[in-house]
Asker: 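Would you mind keeping the following structure in view while I ask a few things?
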Amino acid sequence: MATLRFEALKKAFQKTPIQNDYPEKKSNLFGKNVFGLETMRQYLTNDALKSVKSAIEKGTKITRSEADQIATSLKDWALSKGATHYTHWFQPLTGATAEKHDAFFDLTLDGIAIEKFEGSQLVQQEPDASSFPNGGIRNTFEARGYTAWDPTSPAFIYGTTLCIPTVFVSYTGEALDYKTPLLRALQSVDQAATGVAKYFDKNVTKVISTLGWEQEYFLVDKDLALSRPDIMLAGRTLLGHSPAKGQQLDDHYFGSIPSRALAFMRELEEESMLLGIPVKTRHNEVAPNQFELAPIFEEANLAVDHNSLLMDIMGKIASKHSFKILLHEKPFKGINGSGKHNNWSLSTDTGVNLLSPGKTPMSNLQFLTFFVNTIKAVQDNEELLRATIASAGNDHRLGANEAPPAIISVFIGQQLSKVLSNLENVSKGKLSPKEKTDLKLNVVGKIPEILLDNTDRNRTSPFAFTGNKFEFRAVGSSANCANPMTVLNTIVAKQLIDFKKEVDSLVKTKKLKKDDAIFNVIREYIKSSKKILFEGDGYSDDWEKEAKKRGLSNNRKTPEALKAKVSKKNIALFESMGVMNAVESQARYEIELEEYLMRIQIEGRVLGDIARNHVIPTAVRYQNTLIENVKGLKDIYDKDYKKHASEQMELIENISDHIANINRGVTDMVNARKKANSIKNIEQKAQSYCYDVRPLFEEIRYHCDKLELLVDDEIWSLTKYRELLFMR
Ligand code: ADP
Ligand code: MG
C-alpha cells in the first residue's frame, strides 16, 4: 500500500530547480514597486511632496487636500503598474500581516464605472477588528478599530495590489498592532537621543534608530511537508528520530547552496529588491536545509515592515518552488533552531552612527556616551528585554545550548572592557587639564584603533557589541521585530533622558564643564553596570550560577518571562515614555499568554492525533506481521520454535510496551489539557499548559521515536527526518 510518505518521496525525488535567470542588475530593480521619494517626485505636486517629506521627517500632519492629491497620484502610479486593488497593510498582534483588498473601482451616480481612490481611503480604513486579538480592549472600549496611514513607510505594490502600510488602533486610540507602540518608541528615542547628541554637535536635529535583521529559516520540500500533519499544523515536527547523519560534520554551513534552494533564493531576492527590501547576504546555516538572509540595515520602522513583508512573501515564493518555509524557532529536535539577530544602532541626521567610534576624541566621547547608556539601559531592564523575545517557539532555543540563554547579558570584548575600567578611575568633579588630555589621547582617542583589530566575537552572548552596533541575538526567527525594537528603543530613550538630567544638573549645580560632567556621569554608570557585562561562555552551567549570584533574571519559560511586561515598574515606564498606557500593556500581556497556550494546545492535539492515528496503527500492523511469522515458525518447528522466534517475540513485546506507553501518555496529556482548559485565569492557564501539559509531550515522543526504529521502514507512514532534511 502506497502511503502518503512514499508518494511524497517519489514526487520530491523528481523535482528539478525552476530555471530562473535574472540577468538584470539588482540595483536597477531596487524599489521599482515602491512609491518612494524618487517616484513621488515624479508624481506629486511640490506642495504634496513637501508635506509627505515633512510627515516623514518631523511627524507633521498631512492636510485633507494634500492627502487627496497624494491618493490620486498613488492611484495613477499603481494603475500604471497594473495594480487593480488596494489594501491597508498592517501587523495585528497575531504576528502575521493582515490585508483586506478593495478594488480601485466605483460607480458614479449615473452608473458609470470609474477608477477611484481618494484621500479618505488612503488615510483611514475600517477593517472588522472583531477577529483580531485585542486582549480585552475591545470589550472595555469600542468594539471597532481602524487602520491609519503611516507615511513613514512607503506604499508598495505586491502582485496586483497596492499595499499601504498602516497602524491599527481602536476607536478609543489604543494600539491593536505592533507598529503603533514602535512608532511611539522611535519618536521618544529620537527626542532623547537628539538632546544628548546636541552636546557633541549642535546641528543634530533628529536621531533615527537603525535595524538590520538577519533572518534564519528552513526549507522543506512541499510534498514532504504535506505528508507531516505536525509540520502543516504546528510549523514544526513533534516527533521523528534523529537521522544517522545530522549536523555533526558541519558540512552544510557555508557549503554550496543546493540548486533548488538557490532558484528559490534568486526569486525571493528579485521580489525583495522590487519591493525595496535591500537584501544583500545569503548563505547556508549550521543545520541541513537551514539558510539565512540579511538585508542592509534601514530605519527601524521600515526595517520592521520589511521583515514582516519578507516573511510573508517567502512563504508565497517557496510554495511556487514547491517548498514549505519553516520560520519556527525549533522545527527539528537535535538540530539547531532558527533565530533572527537584530542589529541595532542610532544614527543622526548629520550622518553619524552614534555607536561608531569616530576620528576625534570628542566624537569618541560621544560614542562612549551612547555605548555606556545602552549598557546601563539593558542592565536596568534586562528582565523586560527578556520578555520581548518570549514565545512558545523560542522557549526551545533559549538556553538550549545553541542559542543565547534566557539570561540577558552584554558582551563588549576585551578591549572595550579595558577602556571602561580606565574610565572608572576618572576623578570626581572637575578633571585636571593633564588628566583630561591624558584621557582624551590615551583612552578615548585610542578607541577606533582598538576596534579595527577587534576580532573578538562571542557567539554565545544574547546582546553583543559588534564594532559599530549592538546585536540582539536572542530574538526568535518567527518573531515580529517590532516587539524587541519597541522595548530596546524605549529603555534607551528613558536612560538617555536620565543621563541628560544628571549631566545638566552637574553643569548647573557643580559648575562643571560639559565634558567633565559627562565623564563624571559615565564613570558612575560604568561602576553600576557591571553585573550585566559578561565575556565568557553564555552556554555554560557556571554562567547560570554566576548570573544567579549577580541577581540577573533567568526566566526560562514564556509564562514567567512575560510577567515583566506588566510589572508596576514597566507599566510606569511605558506610560511615562508615551509608548503604551496601562490598558495596552495589560492587553498585550494577555494576548501573548493566550497565543502561547494556544500554540501548545495545538501541538498537543496534533501530537495526540499522530501518535494514535499514525504511529500506533503502523506499529500494530508490523506487530501482526511478526505474529504471523512466529506462528509460521511454530508450524514448522513445533516445540522447537522458540529457538528461532525468540527475537521476534521480544520485538512483539517491545512494540506492545511502547504502544501501551504512548496510549497512557496521550490519555494523560488529554486529561492535563482538559484540566488546563477549565482554568479561567489566563496566567494560571498558561502556566498549566507550560508545566502540566507540555512536559507530557516528551514521553509520548520518546516511545513513538523508538517505534520508528523498530518498525519496518516500508510501512512507516511519517516522512522521516533524513528525508525531510536532506535536499536533493
Ligand atoms: P555579521 O553579523 O554576520 O558578521 P555584519 O556585521 O556585516 O555581519 O552585519 C550584520 C547585520 O548588521 C547586517 O544586516 C547589517 O545590515 C547590520 N548593520 C550594520 N551596521 C548597522 C547599523 N549601524 N545599524 C543597524 N544594523 C547594522
Ligand atoms: Mg550576526
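One-based numbering, in listed order, for ligands and for the atoms of each. Just so you know, these numbers come straight off a predicted model, no measurement behind them.
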Asker: Could you tell me if the ring centre of Phe367 sits under 6.0 Å from that of Phe465?
Answerer: yes
Asker: Closer than 4.0 angstrom: is that true for some heavy atom of Asn353 and an atom of ligand 1?
Answerer: yes
Asker: Does Trp344 reach ligand 1 with a nitrogen or oxygen that is under 3.5 Å from one of the ligand's nitrogen or oxygen atoms?
Answerer: no
Asker: Only counting residues at least two apart or in another chain, list the ones meeting side-chain contact (heavy atoms from CB on, under 4.5 Å) with Ser345.
Answerer: Thr210, Asn353, Leu355, Lys469
Asker: For atom NZ of Lys280, is the number of surrounding heavy atoms from other residues, nucleotides or ligands below 6.0 Å larger than 12?
Answerer: no
Asker: Using heavy-atom distances only, which candidate in Lys280, Glu299, Lys469 approaches atom 18 (N) of ligand 1 most closely?
Answerer: Lys469
Asker: Using a strict 4.0 Å cut-off to heavy atoms of Ile296, name the atoms of ligand 1 that fall inside it.
Answerer: 16 (O)
Asker: Which atoms of ligand 1 sit under 4.0 Å from any heavy atom of Thr210?
Answerer: 22 (C), 23 (N), 24 (N), 25 (C)
Asker: Tell me which part of Glu214 gets within contact of ligand 1: side chain, backbone, both or neither, using heavy atoms under 4.0 Å.
Answerer: side chain
Asker: Please compare Pro295, Ala300, Ser356, Ala303 and report which has the shortest non-hydrogen distance to atom 13 (C) of ligand 1.
Answerer: Pro295
Asker: Spell out, as yes or no, whether a donor-acceptor pair under 3.5 Å connects the side chain of Arg41 to the backbone of Gly36.
Answerer: no
Asker: Do any pairs count as a side-chain hydrogen bond (donor to acceptor under 3.5 Å, both in side chains) and have a residue in residues 294-304, sequence neighbours left out, and if so which ones?
Answerer: Asp150-Asn301, Thr152-Asn301, Lys179-Asn301, Glu298-His306
Asker: Tell me the nearest of Phe297, Phe470, Trp213 to atom 20 (N) of ligand 1, using heavy-atom distances.
Answerer: Phe297
Asker: Side chains of Tyr158 and Glu99: any donor to acceptor distance under 3.5 Å?
Answerer: no
